[in-house]
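Reading through the structure tokens given below for one structure.
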Number of protein chains: 2
Amino acid sequence: MATIVDVAKLAGFSTATVSRVINETGKVKITTRRKVLNAIKELNFSPNISAQILQSKQSKIIGMVFPDASSIYFSEIIRGIINLVNKYGFQIIIGSAHDEEEELKTASRFLNGRTVDGLVMMAPSLTNEELFNIPINHNTPVVFISVPPEKAGMTTVVLDNFNSAIKMTQHLIKLGHRRIAFIHGSPHNYDSKRRYAGYLKALENEGIPESLKLEAEGNFTEDSGYKACQQLLKTEPRPTAIFAANDAMAIGAIEAVKDSGLKVPDNIAIVGFDDISTSQYITPALTTVRVPLYEMGQLVGKTLLQKINSDSKEHLTVAEQIVIPLEIIVRESCGAKLK
Amino acid sequence: MATIVDVAKLAGFSTATVSRVINETGKVKITTRRKVLNAIKELNFSPNISAQILQSKQSKIIGMVFPDASSIYFSEIIRGIINLVNKYGFQIIIGSAHDEEEELKTASRFLNGRTVDGLVMMAPSLTNEELFNIPINHNTPVVFISVPPEKAGMTTVVLDNFNSAIKMTQHLIKLGHRRIAFIHGSPHNYDSKRRYAGYLKALENEGIPESLKLEAEGNFTEDSGYKACQQLLKTEPRPTAIFAANDAMAIGAIEAVKDSGLKVPDNIAIVGFDDISTSQYITPALTTVRVPLYEMGQLVGKTLLQKINSDSKEHLTVAEQIVIPLEIIVRESCGAKLK
DNA sequence: ACAAATAATGTAAACGCTTACATTTAATAT
DNA sequence: ATATTAAATGTAAGCGTTTACATTATTTGT
């Protein structure tokens, strides 16, 4: 496997000259350049990337640390990031993690091992304490997805869960619903908490008493939505609408209503959140909040590249939050079209 | 940022001793080890990964080169690979590519730059000539997904598209269909070609003449399936069944049939391939071939790790193909349950 | 007590590249 | 023709680690 020394020998120049040709730095005579490029081609030479990183202290690699997440949520964000950073010659290295401890370890390895020029952390279940322990007081910028932005030096990109959940709950209220149930996502999940907070705020704004609020635990899976709905259908009087913290649970809830002999939205309205591709196809089609995951990924990638390329160290001292506005998609499952 | 020299100084030992502690190689007295670990903790030291790779010539990183692909297909395979290799302490670096030339360039950079211990290439549209030009005569093993296995040193993992397409076509024939149309996926796509070959083989086996075969071009998208179906519905006499090379096009085709005033499966049967999550929810639910993408990813990961860890250089001289058997999922859209 | 064997630790070269500074070559001004 | 300036290219240190070989410390056998 050829090295730069081999190329230099074949071309008849020094390794510095070869390096200048490879990296297009400094001045190199045209005839010299041609000879070097010919030698590179003849030897099928590619520079050793580790040696380059070690010497230049830049890797053109972005690290991404994710919890094991649902495939669709995971893939759309990562696709957005990949397609954005690839355009600028960056690559992505992935550390997926089974739990928060492993996630922090992987992040630390990426940052302190200086493998990456920037890091994306998707940490929907990390606590503030865990976030405070991440050693981010380094030159490497980090962008977080879906975590509360309370620490200097943190840049976070979050969905506008709160206001969108308010709007969705208001939408149900406007359709006449007063007995609206909420199905929670995974415990400790940031997105789920924010959606629940919006739901509560809307009820409060409407003067609907706490005693009327209904809720059930889920974990973002269709099966948990099915079971949560079964549980809610048993309460007397039963809810007239159900707001699930994500679409998979809403889809499960619709199945549970069908299996109980009732009809959506005639007997009970059901709405979800995130607008997975399936949601427009089920019967009835699901009313939901569209979450632009791909675009979110692109924004995360763009934000991180801006920080990587910036000479400023402001990202080390300023807390920054980017909130992505969301859009309600009204379909059949809320019953809006019945009236 | 601390280096191993700093740790050595604080601990009172040489860098070699610190390296022995970090890597758990050679003999180190227990008291020495404790002192070194304390120094590592105090300085929050992580080894520089590029320096380690340069020196040890191992990276514990697997490269993955993908074309821009549909999110679901892309994500399930990659999730399978990530979860498998993470268990063995490996990480994934992704080079996505917009076209075949960029894909080959990225693969060459990964292999010759010695960034990765192994490479996964998903290359459904590469020609054999392009494949032959990949410089894989190196120590780094490569596993290909969805390409024809005709070169020494190539290991490929492919779906059993051919036999599954035969079975699906036979299923339609058994339901009484003789005028069966086929909607192609993207031009030059390996999977699409193999599915079409299976469809042709089944017609041939049944003695159905070439003049009766019907086909339309698609590109794996729902919209292309819609348009291809519209085109097929105009032929007289029209097909009694449509076999789309993937589910997205089948879903589009079902929409086109509905929009034409006809009914699936009463007036025309429609089947697909790959069993995306949506397919069970649409009305009628789609008959399709289940493609275990996640498991395929895990098998690819496992196969590659075996080659990385193997002392044998057989992977450089032997062509190997792993064929994944598939399963037909009979739902409503083929009309089997009407009879 | 001393020699031999083993454990523990240190020295320093090397992995492959980049680049600051030095040297040589070529072009320009007088 | 010669001096000055600029272009082009070379030298070699160093990025941070690992590890073969060397040295020192410790343990064991006689």
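Computed from a prediction, not measured in an experiment: that's the story for all the values here.
Surrounding NZ of A/Lys302 are at most 12 heavy atoms belonging to other residues, nucleotides or ligands under 6.0 Å away. Heavy-atom neighbours of B/Lys9 NZ from other residues, nucleotides or ligands within 6.0 Å: at or below the threshold of 12.
Among the nucleotides D/dT17, C/dT18, C/dG16, the one closest to any side-chain atom of B/Asn48 is D/dT17.
Protein atom CD1 of A/Ile49 is 10 Å distant from nucleotide atom P of C/dC17, rounded to whole Å. In this structure, A/Asp6 places its CG atom 9 Å from P of C/dG16, rounding to the nearest Å. Computed from coordinates, the B/Ile4 CD1 to D/dT17 P distance equals 5 Å when rounded to whole Å. Between B/Ile22 atom CD1 and D/dG16 atom C1' there is a gap of 10 Å when expressed in whole angstrom units. Following rounding to the nearest Å, A/Gln58 (CD) and C/dT19 (C1') show an atom-to-atom distance of 13 Å. Taking atom NZ of B/Lys35 as the reference point, atom P of C/dA8 lies 14 Å away to the nearest angstrom. Distance CG (B/Leu54) to C1' (C/dA14): 9 Å, rounded to an integer number of Å.
OP1 or OP2 of C/dG16 lies within a sub-4.0 Å distance of a side-chain N or O belonging to B/Lys57. Residue A/Asn23 places at least one side-chain N or O under 4.0 Å from the OP1 or OP2 atom of C/dT18. Look at B/Gln52 and you'll find a side-chain N or O under 4.0 angstrom from OP1 or OP2 of D/dT18.
Looking at every heavy atom in both residues, B/Ile81 comes nearest to B/Ile92 through CG2-CD1, 3.7 Å.
Panel note: side chain B/Asp117, backbone B/Ile62; no donor-acceptor pair is recorded below 3.5 Å. Side chain of B/Thr155 to main chain of B/Glu320: no donor-acceptor pair is present (N/O by atom type, distance under 3.5 Å, no hydrogens or angles).
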Any chance you could list the contact pattern along nucleotides 4-13 of chain D? Use B for base contacts, S for sugar-phosphate-only contacts and - for none, protein heavy atoms under 4.0 Å, 5' to 3'. ---SSBBBB-
Side-chain atoms of residues 19-30 of chain A: list all donor-acceptor pairs with protein atoms under 3.5 Å, sequence neighbours left out, distances to 0.1 Å.
residue: A/Ser19; atom: OG; partner: A/Asn23; partner atom: ND2; Å: 3.3
residue: A/Asn23; atom: ND2; partner: A/Ser19; partner atom: O; Å: 3.1

Please table the atom pairs, donor to acceptor, closer than 3.5 Å between any side-chain atom in residues 48-55 of chain B and protein atoms at least two apart or in another chain.
residue: B/Asn48; atom: OD1; partner: B/Ser50; partner atom: N; Å: 3.0
residue: B/Asn48; atom: OD1; partner: B/Ala51; partner atom: N; Å: 3.0

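With sequence neighbours excluded, the residues satisfying side chain to side chain donor-acceptor pair (under 3.5 Å) with A/Asn83 are A/Tyr294. Looking at residues two or more places apart in sequence or on another chain, you find no side chain to side chain donor-acceptor pair (under 3.5 Å) involving A/Thr303.
Backbone-only engagement by B/Thr3 is indicated by non-hydrogen atom pairs under 4.0 Å involving sugar-phosphate atoms exclusively.
With the end axes of the helix from C/dA1-D/dT30 to C/dT30-D/dA1 each set by five pairs, the angle from one to the other reads 40° at 10° resolution.
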